[in-house]
Structures are given as structure tokens and as C-alpha cells.
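Basis for what follows: all heavy atoms, side chains included, without hydrogens, waters or symmetry-related copies. A quick note: this is a predicted structure, and the numbers were derived from the prediction, not measured.
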Number of protein chains: 2
Amino acid sequence: MTTTDPGAPAPAVVDGPPSGERRAPVVVMTDVARAAGVSQKTVSRVLNGSAHVRPEVRERVRRAVDELGYRRNAAARALVRGRTHVIGVVGLRSALYGVSQHVMGLERAAQASGYGVVVVSTATGEADEVLRGVERALELGAEGVVLVEPYFDTRALRGPLAGTPVVAAARSAHEGQRAWTVDADQVGGVEEAVEHLVDLGHRCIGHLAGPTTWRSALVRERTWRAAVEARGLAVVEPVRGDWSARSGYEATCELLAREPRGRVTALVAANDHMAVGAMRALAEAGLSVPDDVSLVGFDDVPEAAYLPVPLTTVRQDLALVGERAVASLVELVEGHGRADAGDEPRLDVVPVELRVRSSTGPAPRAAGGGRPPT
Amino acid sequence: MTTTDPGAPAPAVVDGPPSGERRAPVVVMTDVARAAGVSQKTVSRVLNGSAHVRPEVRERVRRAVDELGYRRNAAARALVRGRTHVIGVVGLRSALYGVSQHVMGLERAAQASGYGVVVVSTATGEADEVLRGVERALELGAEGVVLVEPYFDTRALRGPLAGTPVVAAARSAHEGQRAWTVDADQVGGVEEAVEHLVDLGHRCIGHLAGPTTWRSALVRERTWRAAVEARGLAVVEPVRGDWSARSGYEATCELLAREPRGRVTALVAANDHMAVGAMRALAEAGLSVPDDVSLVGFDDVPEAAYLPVPLTTVRQDLALVGERAVASLVELVEGHGRADAGDEPRLDVVPVELRVRSSTGPAPRAAGGGRPPT
DNA sequence: CCTCGCGTTGACTGCGCTGTCAGGACCGTG
DNA sequence: CACGGTCCTGACAGCGCAGTCAACGCGAGG
């Protein structure tokens with residue numbers, strides 16, 4: 001690595017990298033001006049779509065730009081205008097379906113609003129790493145940041161970061177939230193799933209929980225517990241996984257080993273991938289979905305409808321969450337002059353939708369555990 | 001939208017946006033210098049890790065930086081140094097598993113090499129749209145671009161773009177390739193899959209092809225055909241899908257309707273999601289995997305091993321492809337002074353690996369079609 | 001003692017661009 | 001013809017930073 005890494009230990013160079021390393025853009029605005037026979041300022045006007053340039057001059061400049069292959073220098077523009085028109089996305093490095101869908105929505109919305117996107121990924125999502133990621137995004141010129149971190153507590157945005165426009169996306173709000181938040185309606189989704197199962201007659205509904213390092217997993221778990229308790233149903237202690245199909249398989253095996261056969265007649269998985277693993281474990285145990293056990297997922301991955309048993313699941317439109325997050329961030333960035341950080345953090349909840357397919361069905365008559373319906 | 005969108009029709013403003021819109025960073029290097037009682041240049045030296053600063057002064061500057069919450073202005077730095085240390089990723093907007101895994105690898109590698117990443121997504125991947133995307137990335141300050149476009153022909157990089165450092169990633173090379181290319185070994189993967197099936201005694205191996213708008217789909221299809229023909233086996237005309245489980249389901253239904261039952265004893269799907277759909281279609285037709293039909297996927301998505309019938313598939317490490325792409329791009333960007341674009345385009349192939357699981361098994365004895373083994 | 005050289009520091013400059021402001025060309029009106 | 005107004009254009013300054021070069025202080029060597 002020959003680059004002068006800022007913050008790195010001092011290289012044994014006198015003062016800077018040896019000159020000659022610099023790669024100045026070949027052609028600058030003055031070159032275009034000379035070619036078009038106008039002043040450099042007029043070129044600037046044409047390129048910025050200013051009125052008050054004669055069409056003929058405009059045309060001449062345009063031609064010169066094309067001929068020379070001129071491209072404006074983003075750095076110089078940003079420097080003089082004091083704005084970069086770039087936003088940052090700081091997110092956990094993850095190939096999860098939801099995450100990528102989400103980032104795509106973010107980028108498209110940013111582009112539509114005239115912003116570029118720099119991405120900074122974090123390896124673990126721990127607070128200090130996220131803070132470094134935000135710093136990095138700002139150093140790359142971001143005017144604001146969308147956080148796509150599953151657990152980060154925005155109250156950690158203290159000190160010099162306190163004034164930074166930040167929107168937390170696709171994660172449920174903390175109490176004492178310090179940033180605007182956009183998320184899908186996790187609570188509503190789980191409640192709807194439980195309601196659906198109860199309507200089908202299930203009285204003992206288990207849960208395959210997601211990792212505790214994801215707030216949304218905790219919210220789903222808490223909501224499941226509350227929904228089950230509110231109906232006076234038995235609470236089977238959930239088994240925890242890590243979103244993966246493997247973990248869903250293992251968790252289900254563990255649950256089946258622990259609970260008497262026939263007691264749990266329905267399972268709510270924290271996401272679709274875990275539900276896939278659960279299906280396999282249930283099949284291996286000789287249990288049929290949905291005749292013996294009903295199964296609900298979360299996410300509605302595209303293949304959910306085409307699994308051997310099409311999966312009932314909660315659809316969340318994470319691309320839309322991304323769009324809304326960008327909209328909020330742009331509002332924060334551009335309205336920075338007015339009420340500033342005075343307003344309390346906003347919470348934007350995007351609706352979800354239960355997709356009922358074949359993996360859920362009526363509870364088996366000879367259901368074991370739970371109390372009889374009231 | 002109040003921003004002055006470059007290239008947009010001229011707003012009815014006299015010359016530029018009304019001043020007052022600018023948001024200058026609160027604290028600049030001179031402020032730090034004043035607080036630390038040194039010159040601005042010395043602050044610059046400390047922040048760039050230059051030698052020849054007394055430890056005591058260095059410490060004073062560091063403290064002032066922390067106290068004021070100072071952050072260097074990326075635009076000014078880029079302007080004066082002539083380098084942005086940013087690379088662009090221009091890619092098709094897609095939530096496909098492979099794509100996101102790939103971009104994560106890219107970002108991590110870029111960060112490790114001291115580069116930031118700006119992403120620009122394209123909606124369709126058509127050539128002129130991709131070219132605009134590249135332009136956009138360059139206008140955002142990218143010094144080079146990684147193309148993650150499934151079909152783009154790099155020969156279109158003519159004119160002012162001809163000299164741009166570009167690496168095409170995760171797509172198979174065109175003939176007459178104009179850019180360095182990094183890709184997983186599509187050909188080897190399909191060949192290995194066919195070989196595996198032939199070893200198991202299959203004599204009629206069908207293919208569920210991917211969309212023609214993806215070069216990798218075409219390569220997989222071509223390779224499958226060549227491998228089958230080379231062994232003198234029957235070629236069953238493939239059915240085409242679009243990577244989705246739905247399309248895999250529909251393609252398989254179509255194939256089953258078209259071919260006499262028992263003729264095709266093995267299917268190579270263009271990716272794992274299509275294989276999932278195929279499984280469902282086969283099950284609905286009363287065919288068992290792998291007893292009646294063997295099935296091979298491509299990608300090795302994490303849940304492949306936990307499907308009801310664990311899927312035999314070709315694992316490609318797209319994160320690694322991303323890393324190698326960045327490595328190549330950095331080489332191009334930093335070595336721009338030497339051989340320039342003189343060297344012929346490089347082709348970097350990352351090995352793949354066949355993961356044999358339960359979805360493939362010996363060909364049924366009473367296989368219908370195909371020719372007897374020679 | 002002076003000189004030399006090194007380590008350390010700061011004044012100045014300019015990167016490429018846009019905002020400001022002033023000036024010229026041209027129109028219509030009094 | 002003079003005058004004000006409108007439209008168009010260019011000279012100039014300066015955004016925040018790093019490179020250049022000169023100057024300072026100080027210890028070693030002559």
C-alpha cells in the first residue's frame with residue numbers, strides 16, 4: 001500500500017508524498033473555455049444550466065465540452081459550494097436478503113433526490129465501530145448518514161457527532177432515541193401472525209428467535225411473547241438462532257427434543273430462512289407442515305411461495321423503508337437551518353402484510369398442551 | 001427538489017442558487033491552528049502523520065482537534081491532492097443473493113486498500129444506462145469503476161470513457177473485452193456439475209436456463225450444452241427462467257409437460273433459487289428428488305444445505321471475486337503512469353467448488369430417453 | 001568563536017470551481 | 001439624442017487544504 005493513509009503511523013517521508021503521484025484531471029474548465037472562445041465563468045454557467053447565456057454560445061460550449069471529454073471536478077465544486085450532495089450509508093456487512101433489498105431502495109431514492117451514496121460497512125456492528133463508520137462516511141464527504149445497523153443505540157451519537165443528520169433505518173427505535181427512525185412494522189407483523197394462528201385454533205405457539213444482536217429480533221420475540229400471554233396461552237421458551245437456515249434447523253430440533261410431542265402446534269420463525277431450516281427439522285421428525293405443525297416466517301423472500309410447502313410469512317417492503325429513510329435524511333440535511341435538532345426524533349413505521357400460504361392450517365384436534373379455548 | 005441538478009433544464013434563477021444555501025463546515029483547520037497556537041500548515045502536518053513535528057506540538061494539535069470536533073474537508077483535500085481515493089461501483093439494482101454478497105466483498109476490500117466506495121445502481125443494465133452510470137460515478141469523484149453489470153459489453157467504453165480504469169466483475173468476458181475482468185469459474189462449475197451427474201449414470205440431463213440478459217446465464221447454458229454434446233448425450237432444449245424460484249417452478253412444469261416422463265433424469269438449474277422452484281414442481285408431479293430426478297443448483301445460498309432435500313450446488317465465492325476486482329482496480333488506478341492501457345485486458349478466474357448433497361443420486365435404472373452409455 | 005546542517009515551523013501559493021460584481025451591448029422610451 | 005433597463009459576459013476573489021520554500025533554533029564540528 002503506497003497511499004498515505006490518514007491517521008496511520010507516520011511514514012518516513014519528509015512532508016508529503018513525493019510529487020508526481022498526483023493525477024490531475026487532464027482537462028479543466030479553462031481548457032473548455034479556451035476551446036469555445038469564452039471565459040471560464042461562461043462555461044460554468046452553461047454547465048450549471050444558468051439562464052442568460054445566448055443559445056449560440058451555449059451550443060459552442062457544449063460542443064467544446066464533448067470534444068474535449070470534459071468532466072467537472074467534483075471536489076472543486078463541493079469545495080466552493082460547501083455542499084457535496086452525498087449521503088452515507090453505514091451498515092453491517094451482510095448478504096442477508098433484507099439488507100441488500102434495503103440498500104437498493106436507498107440508493108435509488110438518493111439518486112432520485114440528486115444525491116450520491118457512499119457506503120461504509122462495519123464488520124460487527126458494535127457501537128464504537130459504528131461511530132468510526134459514521135466518521136468515515138463524513139470524511140468521505142457525506143452530509144448525512146443512514147444507519148443500517150441492527151443494534152446500534154443512537155444515543156451513542158454524542159460529542160462532535162451530535163449534530164450530524166442521521167436516520168436509522170430498518171431497526172426498531174430505542175427508548176430515548178436520538179435519531180429519526182424508519183422501520184417496517186415489526187410489532188404489527190408478529191401480532192398479525194399470532195392472531196392468524198390463534199384464529200386457526202392453535203393454543204401453543206412456539207417461537208424461533210433471531211440473534212440478540214439484532215434489535216428487530218428482540219422486538220419480534222417480545223411481541224410474540226406479549227401476544228401469546230395476552231391471550232392466556234402457554235409460553236414455550238423460544239430457542240434462538242442467527243437468521244440462518246442452519247440455525248432454524250438446529251433450533252427446531254432442540255425445541256422438538258425439549259417439548260412433548262404434539263404440544264407445540266405452531267411455530268413463528270424470526271425470518272424465512274430460519275423457517276426453511278425448521279421445515280426440514282419437522283420433516284425429519286416425521287411431522288407434517290401444516291397438518292401437525294403450522295409455520296410462519298418473516299420477510300417474504302421471493303422463494304417463500306415456491307418452497308415444497310409454500311410459506312405463510314410477513315411481507316415487509318424494505319425497499320420502501322430505504323426510500324423513506326432517504327426522504328427523511330434529505331429533509332434533515334436540507335432543512336438544517338430551521339428548527340435544527342430541536343424537534344423530537346420522528347418514528348416512521350412502514351406497514352407490513354401477512355401473506356397466508358400453505359404452511360399454516362387448523363390446529364390438529366388432539367392438540368396436547370395449552371389451555372382449552374375460553 | 002431545490003438542488004441545482006447538473007444537466008437538468010435551467011431553473012429560472014439568475015446565476016446560481018440563492019446564497020445562504022451553503023452549509024460550510026463549522027470548524028476548519030485554521031481554527032484548530034489558532035486553538036493550538038500553531039500555523040495551519042502544522043495542523044496539516046500532524047493530521048497527515050508527517051514526521052518533523054515535535055511530540056509536544058503534535059499532542060497540543062491533537063487535543064485541539066478533539067476539543068473542536070474538527071474533521072478534514074474531503075473536497076478540499078481531494079482538490080489539492082488531485083486524488084479522491086474513491087472508487088465507484090456501478091451495478092444492476094438487484095436484491096439477488098449473489099449480488100449483495102459481491103458488493104459487500106467489494107466494499108470491504110476497498111476500505112482495506114484505503115478507498116471509499118460510491119455506488120450507482122442502474123435499473124435495466126442497458127448499455128447507455130450503464131455508460132451514464134459510469135459518468136455519474138466519475139462525477140462523484142470515482143477514480144475508477146467496478147462494473148457489476150450482468151450483460152454490459154465493455155467495448156462500449158469508447159470516447160472519453162476509453163481511458164477510465166474499469167474492472168468488470170462477476171460476469172464472463174466478452175470476446176474483444178476492453179476491460180479487466182474478474183469472475184467465478186462459471187465454465188468449470190457447470191462442467192463439474194455435468195460430470196458429477198454423468199458419473200452417477202445420468203444420460204439425459206436437462207437445463208433450467210437463466211435470463212438471456214445475464215451473460216453468466218448464457219455461459220452456463222452454453223457450457224451445459226457443450227458438456228452434454230461432448231459426451232454424446234441427448235440435448236433436451238432448455239427452458240428459460242429469470243433466476244427466481246417462481247420461474248424455476250414454471251420452467252420445470254413446462255419441461256415436464258413437454259418431455260416424456262422418465263426421459264430427463266437430471267436437471268442443472270442456473271441458480272439455487274430456480275432449483276428451489278424446480279423441487280416444488282417435481283414434487284407436485286409426483287417425482288422424487290433424487291430418486292426420479294437429480295437436481296443441481298448454482299451459488300450455494302446458505303439455505304441450500306437445509307432445504308427439505310439438501311441441494312447439490314456449485315459454490316462460488318463472490319465476496320472473493322469482489323476483493324480481487326478491487327485489487328485489480330487499485331492496481332489500474334495507481335499504476336496509471338506506467339504501461340497505461342497498453343497491456344491487453346486481464347482475465348481473472350476465481351475457482352468454484354461443487355458441493356455434493358442429497359439432491360443428486362444414481363440415475364434410475366429404467367431411464368427412458370437418451371442413448372445407452374457407449 | 002563561527003559555520004554547517006539538521007530538525008522544526010510558518011508564509012505563501014494554487015488546486016478547479018462558483019459567487020459577486022461590474023461592464024458592455026442592445027433595446028425601448030422620453 | 002440621452003437615459004434607464006435588460007440581457008449577456010468576464011475579471012476577480014476565495015472555498016479549505018497540502019506543496020514549496022525559506023527561515024528559525026540549536027547542537028556538532030572546525
**Asked** Side chain of Gln40(A), base of dA11(D): donor and acceptor closer than 3.5 Å?
**Response** no

**Request:** State which residues pass side chain to side chain donor-acceptor pair (under 3.5 Å) with Glu59(B); sequence neighbours excluded, sorted by chain then number.
**Result:** none

Can you check nucleotides 4-8 of chain D for protein contacts, nitrogen or oxygen pairs under 3.5 Å, and list what you find?
| from | atom 1 | to | atom 2 | distance (Å) |
| --- | --- | --- | --- | --- |
| dC8(D) | OP2 | His52(A) | ND1 | 3.0 |

**Prompt:** Judged by atom type as modelled, is there a donor-acceptor pair below 3.5 Å linking the side chain of Thr124(B) to the main-chain atoms of Glu126(B)?
**Reply:** yes

**Asked** Should the pair Arg72(B)-Glu139(A) be classified as a salt bridge under the 4.0 Å nitrogen-to-oxygen rule?
**Response** no

**Spacing of Leu79(B) atom CG relative to dC17(D) atom P, expressed in whole Å** = 12 Å

**Request:** Report which part of the nucleic acid Ser44(B) touches: base, sugar-phosphate, or nothing (heavy-atom distance under 4.0 Å, all strands).
**Result:** base

**Asked** Side-chain donor or acceptor of Arg45(B) under 3.5 Å from a matching atom on the base of dG10(C)?
**Response** yes

**Request:** Return each pair, listed once, that meets side-chain hydrogen bond (donor to acceptor under 3.5 Å, both in side chains) where at least one residue sits in residues 61-70 of chain A; pairs must be two or more places apart or across chains.
**Result:** none

**Request:** Write down the distance between CG (Asn48(B)) and C1' (dC17(D)), rounded to a whole number of angstrom.
**Result:** 9 Å

**Axis-to-axis angle between the two ends of the helix from dC1(C)-dG30(D) to dG30(C)-dC1(D) (five base pairs per end, rounded to 10 degrees)** = 60°

**Request:** Could I get the full list of side chain to side chain donor-acceptor pair (under 3.5 Å) partners for Ser39(A), not counting sequence neighbours?
**Result:** Thr42(A)

**Message:** Rounded to whole Å, please give me the gap between NZ in Lys41(B) and C1' in dT9(C).
**Reply:** 11 Å

**Item:** Residues which pass side chain to side chain donor-acceptor pair (under 3.5 Å) with Arg136(B), listed by chain and number, not counting sequence neighbours
**Value:** none

**Residue closer to the 5' end of DNA chain C, Ala76(B) versus Val38(B) (nearest nucleotide)** = Val38(B)

**Prompt:** Taking CG from Asp31(A) and C1' from dC15(C), how many angstroms apart are they, rounded to a whole number?
**Reply:** 14 Å

**Asked** Is there a donor-acceptor contact under 3.5 Å linking the side chains of Arg93(A) and Ser121(A)?
**Response** yes

